[in-house]
2 protein chains.
Amino acid sequence: MIQPRPRTIPEATVARLAVYLRVLTALADGGRSTVSSGELAAAAGVNPAGLRKDLSHLGSCGVRGVGYEVRTVRDRISRVLGVERSRACVLVGMGNLGSALADYAGFGSRGFAFVGLFDADPARIGQSIGGHTVRQMDELEDVVAATQASIGVITTPAEVAQSVCDRLATAGVRSILNFAPVTLAAPPGIDVRKVDLSVELQVLAFLGQQRLVPALDDTAVGEPA
Amino acid sequence: MIQPRPRTIPEATVARLAVYLRVLTALADGGRSTVSSGELAAAAGVNPAGLRKDLSHLGSCGVRGVGYEVRTVRDRISRVLGVERSRACVLVGMGNLGSALADYAGFGSRGFAFVGLFDADPARIGQSIGGHTVRQMDELEDVVAATQASIGVITTPAEVAQSVCDRLATAGVRSILNFAPVTLAAPPGIDVRKVDLSVELQVLAFLGQQRLVPALDDTAVGEPA
DNA sequence: AGTTGTGAAAAACTTCACAGCA
DNA sequence: TGCTGTGAAGTTTTTCACAACT
């Protein structure tokens, strides 16, 4: 039984492919035609062998002794990641973070189009952010249905995030990116991914602190000096 | 105080501890005195056995047959994560995202204090965001030195992120959280952590698309067109 | 009974090392 | 020669299963 390419690409690989795609796009724009795994890996901050293994998941297309053809690999990653077709996203919660996302041009070039911005605060409704008008929550279901939006982004306060999640799921969104600092429960079949900025900072702080400790080995963790 | 425990807590565990801490804080505020690993795990979105293993890294303190004492575990995680003492952070790049972070109250309660906001754009200098005044880049080194800031957050455009990173590192910052969509090179001993919002969306989109595909099995991903 | 703490098994991921090919 | 592609080894992380304890 021949199964040369397992149909599933590891999640860790997918995340890195997105990074490679960015680097390759920049290289292609700069007129570069080939790269070696070493150079590409350095630019992406990963190990060269790992990069080669990642690329091998897309039925890889390097040339031994030479390297990878920039545009070929770029296009192949685009195709696998589905960047080619644009995906409709709705964004709920137009506070500072929501506004920042709505206004960030980088998403458009990566195949994401915000087709609806929503907020519960009447003061924000009607405002224009990143070329879109903020709508009231009532319209959420209709917009999702009309635009076939498949992705929802939640940037609301934590208290309402779950109910927004429920509404998005019911409305037909299939993937949710959650910035609210709560763990969301979603029906099976709905993919929820969480980005927690405080957690990132805390991990960073912990690692930084840990780097200093191994000398003073047995002083307990929290001794104030 | 004997310390038979290995001094290193796995990074994956650290990230989850931060999540548990949030849940425990909410429970404590709600007057709850004990939780089982099952309930806590559900609230944090993880597997109960994994949660127990995570907590075991802090010399765990559950009661068999009963569960964990909410405040005890909360305090212990706080101590290990170093949330108790406040950490000085500087933030460079006061666009939408930078402003959102500066204005987010959640950081303060988690032990992070922004002690300096910086931007290169003269139009932004002097503005007040989240109770702090935006300063010009010239002052970066002085502020880092004066405040002993150990964490730097980069929310600048990609093009200048590397130079900001270099300046932060030279100024004495030891950990950097990078939101700019580039991979930064930093001197050894400096910890860089990256949050890439586009990558998160792309992974989400890929996983969503992948869920639909397994039917059409052999239409190859990489047919050279 | 009910729940923790943890060794041991399993899975996922990373790195190494080198064969294979241009 | 130089660089890719990949099996194999190594490491980390997750999951399981159950003894230990209240």
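Residues satisfying the salt bridge (Lys or Arg N to Asp or Glu O under 4.0 Å) criterion with Arg52(A), sequence neighbours excluded, are absent altogether. Annotation: salt bridge (Lys or Arg N to Asp or Glu O under 4.0 Å) contacts of Asp75(A) (sequence neighbours excluded): none. For Arg64(B), the salt bridge (Lys or Arg N to Asp or Glu O under 4.0 Å) criterion is met by no residue, not counting sequence neighbours. In this structure Arg167(B) satisfies the salt bridge (Lys or Arg N to Asp or Glu O under 4.0 Å) test together with Glu141(B), sequence neighbours excluded. Applying the side chain to side chain contact (heavy atoms under 4.5 Å, CB included) test to Arg16(B) and every residue at least two apart in sequence or in another chain returns Ala12(B), Thr13(B), Tyr20(B), Val46(B), Asp54(B).
Proximity of a side-chain donor or acceptor of Arg110(A) to a complementary backbone N or O of Val83(A) within less than 3.5 Å is not detected.
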Can you give the donor-acceptor pairs under 3.5 Å from side chains of residues 175-189 of chain A to other protein atoms, not counting sequence neighbours?
residue   : atom : partner   : partner atom : Å
Asn178(A) : OD1  : Ala180(A) : N            : 2.9
Asn178(A) : ND2  : Ala180(A) : O            : 3.2
Asn178(A) : ND2  : Val182(A) : O            : 3.0
Thr183(A) : OG1  : Ala43(B)  : O            : 3.3

Could you go through residues 84-95 of chain A and list every donor-acceptor pair under 3.5 Å that involves a side-chain atom there, pairing it with any protein atom two or more places apart or in another chain?
residue  : atom : partner   : partner atom : Å
Arg87(A) : NE   : Gly82(A)  : O            : 3.4
Arg87(A) : NH2  : Gly82(A)  : O            : 3.3
Arg87(A) : NH2  : Gln209(B) : OE1          : 3.0

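Chain B approaches DNA chain D within less than 4.0 angstrom (heavy atoms of the protein), and the contacting nucleotides run 5' to 3' from dT13(D) to dT22(D).
The CG atom of Leu51(A) sits 15 Å away from the C1' atom of dC13(C) (whole-angstrom rounding). We find that NZ of Lys53(A) is positioned 11 Å from C1' of dA17(C), with the value rounded to whole Å. Rounding to whole angstrom units, CD of residue Glu11(A) and P of dA12(C) are separated by 11 Å. In this structure, the NE2 atom of His57(B) is 12 Å from the C1' atom of dG5(C), given to the nearest Å.
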Enumerate the protein-to-nucleotides 1-4 of chain C contacts in which both atoms are nitrogen or oxygen and the separation is below 3.5 Å.
residue : atom : partner  : partner atom : Å
dG2(C)  : N2   : Gly65(B) : N            : 3.3
dT3(C)  : O4'  : Gly65(B) : N            : 3.0
dT3(C)  : O2   : Gly65(B) : N            : 3.3
dT4(C)  : OP1  : Ser37(B) : N            : 2.5
dT4(C)  : OP2  : Ser37(B) : OG           : 2.6
dT4(C)  : O2   : Arg64(B) : NH1          : 2.8

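The two residues Ile151(B) and Phe112(B) have their closest heavy-atom pair at CD1-CE2, 3.8 Å.
Identified under the ring pair (Phe, Tyr, Trp, His ring centres under 6.0 Å) test for residues 71-109 of chain B, with sequence neighbours left out: Tyr104(B)-Phe107(B), Phe107(B)-Phe114(B). The salt bridge (charged side-chain N to carboxylate O under 4.0 Å, His left out) contacts involving residues 178-188 of chain A comprise nothing, where partners must be two or more places apart or lie in separate chains.
When the local axes at the two ends of the helix from dA1(C)-dT22(D) to dA22(C)-dT1(D) are compared, using 5 base pairs at each end, they differ in direction by 0° after rounding to 10°.
Phosphate proximity of dC13(C) to Asn47(A): absent, as no side-chain N or O sits under 4.0 Å from OP1 or OP2.
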